[in-house]
Trainee: 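Before I ask anything, let me first share the structure, which is written out below as structure tokens.
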Amino acid sequence: MACQIEKKEETMKVKFTGKTRVKPNKKLGRRECQLVTFDLPYLAFYYNQKFLLYKGSSDHDFEGMVGKLKDGLALVLEDFHQMAGKLGKDEDGVFRVEYDDDMEGVEVVEAIANGISVDDLTTEQGTTTLKDLIPYNGILNLEGLHRPLLSVQLTKLKDGLAMGCAFNHAILDGTSTWHFMNSWAQICNGSSSVSVPPFFERTKARNTRVKLDLSLPPDPLSACNEDAKSAPQLIEKVFKFSEAAIDKIKSKANANPPSDGSKPFSTFQSLAAHIWRQVCHARELKPEHYTVFTVFADCRKRVDPPMPDSYFGNLIQAIFTATAVGLLTMNPPDFGASVIQKAIEAHNAKAIDERNKEWESAPKIFQFKDAGVNCVAVGSSPRFQVYEVDFGWGKPESVRSGSNNRFDGMVYLYQGKSGGRSIDVEITLEAGAMERLEKDKEFLVEV
């Protein structure tokens with residue numbers, strides 16, 4: 001048995017074969033862009049890791065694919081030059097993104113893992129194997145002062161290509177991430193230019209200059225490892241909800257239309273309430289316990305004046321709401337959906353402005369333990385066109401998040417591969433709670 005395990009570990013090995021840097025194709029000169037209040041809290045988060053898996057034949061032209069990706073990257077960086085820059089500070093100690101032609105650009109790592117197949121990775125639930133396929137595990141965004149702001153690892157598999165990306169979260173959110181990825185794919189597919197150029201004027205959304213005295217902990221990883229030793233084991237799993245399941249969850253949430261004339265619950269509100277409610281069951285919380293729901297909401301259309309979808313940076317804010325577990329689990333699904341709906345609708349331009357002013361008067365670097373008691377926190381969005389990222393060899397087989405920025409109760413929502421209204425729900429929970437959730441027929445929504 002031990003011999004079999006060793007054999008499996010041997011076949012799952014990833015061998016690194018090279019590292020290069022990619023810069024914009026043409027000289028752009030010096031560019032500087034101040035980070036604003038929406039960006040700064042993420043300096044103490046980790047690099048945002050995304051994983052895309054592509055099918056190929058066993059004799060696919062890996063070198064040709066890598067060459068095409070690098071060529072496309074050099075072109076797309078002419079528009080998205082910030083991805084090829086570094087973090088810096090101005091003379092007042094205000095953080096900014098800096099780009100200069102003599103900077104090294106985006107890091108591209110090449111690797112080979114002939115023992116790993118696409119199927120091995122589509123059935124992979126956790127992030128253990130993914131750790132070897134995505135760069136910058138446990139690397140804080142603050143390290144962008146001396147590291148690339150984007151690192152891409154391209155790994156040749158037995159029958160495909162794995163693309164692991166690590167984006168510096170202090171300079172961009174999910175909307176900007178997928179704008180960049182889709183633009184890169186467009187260029188690789190023969191477009192001579194990006195169809196929607198990024199909008200870089202961050203100070204149009206907020207112009208307060210906030211000086212932050214931040215330095216890296218002596219060894220952030222050793223601190224993490226100490227915490228990890230005492231923390232309970234966390235498990236990640238992807239639950240795939242079909243269109244029929246999503247429709248059932250939504251119609252159940254809307255079964256008792258509210259008498260106060262409020263809008264019907266959206267797909268997001270219905271699904272979020274469903275996850276929140278059933279995770280509380282799985283955690284076996286007492287009715288008198290409190291539970292917090294957090295969503296990282298896109299504020300591009302909430303701020304005044306509204307910003308374009310192409311706004312490049314972070315324009316998200318965490319919206320928090322809480323209730324007693326008993327109220328959430330003993331009431332019908334519309335109760336949780338209503339709590340979430342009210343919190344989201346209340347987060348208007350005025351609320352955003354007040355939150356920013358409060359933060360600017362006493363900047364607080366967010367840590368996951370601040371997410372709230374018995375928390376369920378939702379990031380990413382099924383609206384992101386993640387399965388449209390086709391570089392010329394087909395749509396991805398799978399799109400996942402890496403191991404960074406995960407904690408008990410973190411949820412990532414992705415568009416389902418089958419398209420339409422299907423949604424993939426990637427959840428991180430303590431092992432016992434995950435085991436109960438996997439057996440919860442009400443959560444799984446069998447249709």
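Along the sequence shown, residues are numbered consecutively beginning with 1.
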Trainee: Which of these, Val389, Leu73, Leu75, sits in a side-chain contact (heavy atoms from CB on, under 4.5 Å) with Trp184?
Mentor: Leu73

Trainee: By the definition ring pair (Phe, Tyr, Trp, His ring centres under 6.0 Å), identify the one residue from Phe80, Phe384, Phe312 that meets it with His179.
Mentor: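 With His179 as partner, Phe80, Phe384, Phe312 yield a single ring pair (Phe, Tyr, Trp, His ring centres under 6.0 Å), made by Phe80.
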
Trainee: Are Tyr136 and Phe167 near enough that their ring centres are under 6.0 Å apart?
Mentor: no

Trainee: Going by salt bridge (Lys or Arg N to Asp or Glu O under 4.0 Å), name the residues that satisfy it together with Glu354, two or more places apart in sequence or in a different chain.
Mentor: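 For Glu354 the salt bridge (Lys or Arg N to Asp or Glu O under 4.0 Å) partners, ignoring immediate neighbours, are Lys350.
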
Trainee: I need the single residue from Lys301, Arg206, Met307, Arg302 that forms a side-chain contact (heavy atoms from CB on, under 4.5 Å) with Leu315. Which is it?
Mentor: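 When Lys301, Arg206, Met307, Arg302 are each tested with Leu315, the side-chain contact (heavy atoms from CB on, under 4.5 Å) holds only for Met307.
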
Trainee: Any chance NZ of Lys131 has more than 12 other-residue heavy atoms, nucleotides or ligands included, within less than 6.0 Å?
Mentor: no

Trainee: In this structure, is the centre-to-centre distance between the rings of His169 and Tyr46 below 6.0 Å?
Mentor: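 Between His169 and Tyr46, which both carry aromatic rings, the centre distance is not below 6.0 Å.
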
Trainee: I'd like to know if Arg300 and Asp173 make a salt bridge, using a cut-off of under 4.0 Å between side-chain N and carboxylate O.
Mentor: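 Looking at Asp173 together with Arg300, the answer is yes, because their closest N to O distance falls below 4.0 Å.
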
Trainee: Are Lys237 and Glu426 close enough for a salt bridge, meaning some N to O gap below 4.0 Å?
Mentor: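 Not counted as a salt bridge, because no side-chain N and carboxylate O are separated by less than 4.0 Å.
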
Trainee: Can a salt bridge be assigned to the pair Glu397 and Lys55 using a cut-off of 4.0 Å between side-chain N and carboxylate O?
Mentor: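 So Glu397 does not pair with Lys55 through a salt bridge.
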
Trainee: Quick check for you: to the nearest 0.5 Å, what is the distance between Asp408 atom CG and Thr428 atom OG1?
Mentor: 8.5 Å

Trainee: Kindly assign one of parallel, tilted or perpendicular to the pair Trp393 and Tyr54, based on the angle between their ring planes and the thresholds 30° and 60°.
Mentor: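 Ring orientation, 0 to 90° scale: perpendicular.
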
Trainee: Let's go through Lys395 and Glu388 carefully: what are the C-alpha distance in whole Å and the side-chain angles of both, what is the deciding distance for salt bridge (charged side-chain N to carboxylate O under 4.0 Å, His left out) to 0.1 Å, and is it a yes or a no?
Mentor: CA-CA 6 Å; Lys395 296 182 178 188; Glu388 301 309 308; 3.4 Å; yes

Trainee: Quick one: do Asp100 and Arg30 make a salt bridge, cutoff under 4.0 Å?
Mentor: yes

Trainee: Does Arg383 CZ have over 12 foreign heavy atoms under 6.0 Å away?
Mentor: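 Atom CZ in Arg383 is not packed in, count stays at 12 or less.
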
Trainee: What residue pairs, at least two apart or across chains, pass salt bridge (charged side-chain N to carboxylate O under 4.0 Å, His left out) with a residue in residues 34-54?
Mentor: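 Listed once each, the pairs are Asp39-Arg202.
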
Trainee: What is the ring orientation for Tyr414 with Tyr412, classed by angle as parallel under 30°, tilted 30 to 60°, or perpendicular over 60°?
Mentor: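 Taking Tyr412 first and then Tyr414, their aromatic rings lie parallel (interplane angle under 30°).
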
Trainee: With sequence neighbours left out, write down each residue that passes salt bridge (Lys or Arg N to Asp or Glu O under 4.0 Å) with Lys441, or none if nothing qualifies.
Mentor: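 With neighbours one apart ignored, the set is empty.
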
Trainee: Using side-chain heavy atoms (C-beta onward) and a distance below 4.5 Å, is Phe391 in contact with Leu161?
Mentor: no

Trainee: Are Glu236 and Arg400 ion-paired here, with the side-chain N under 4.0 Å from a carboxylate O?
Mentor: no

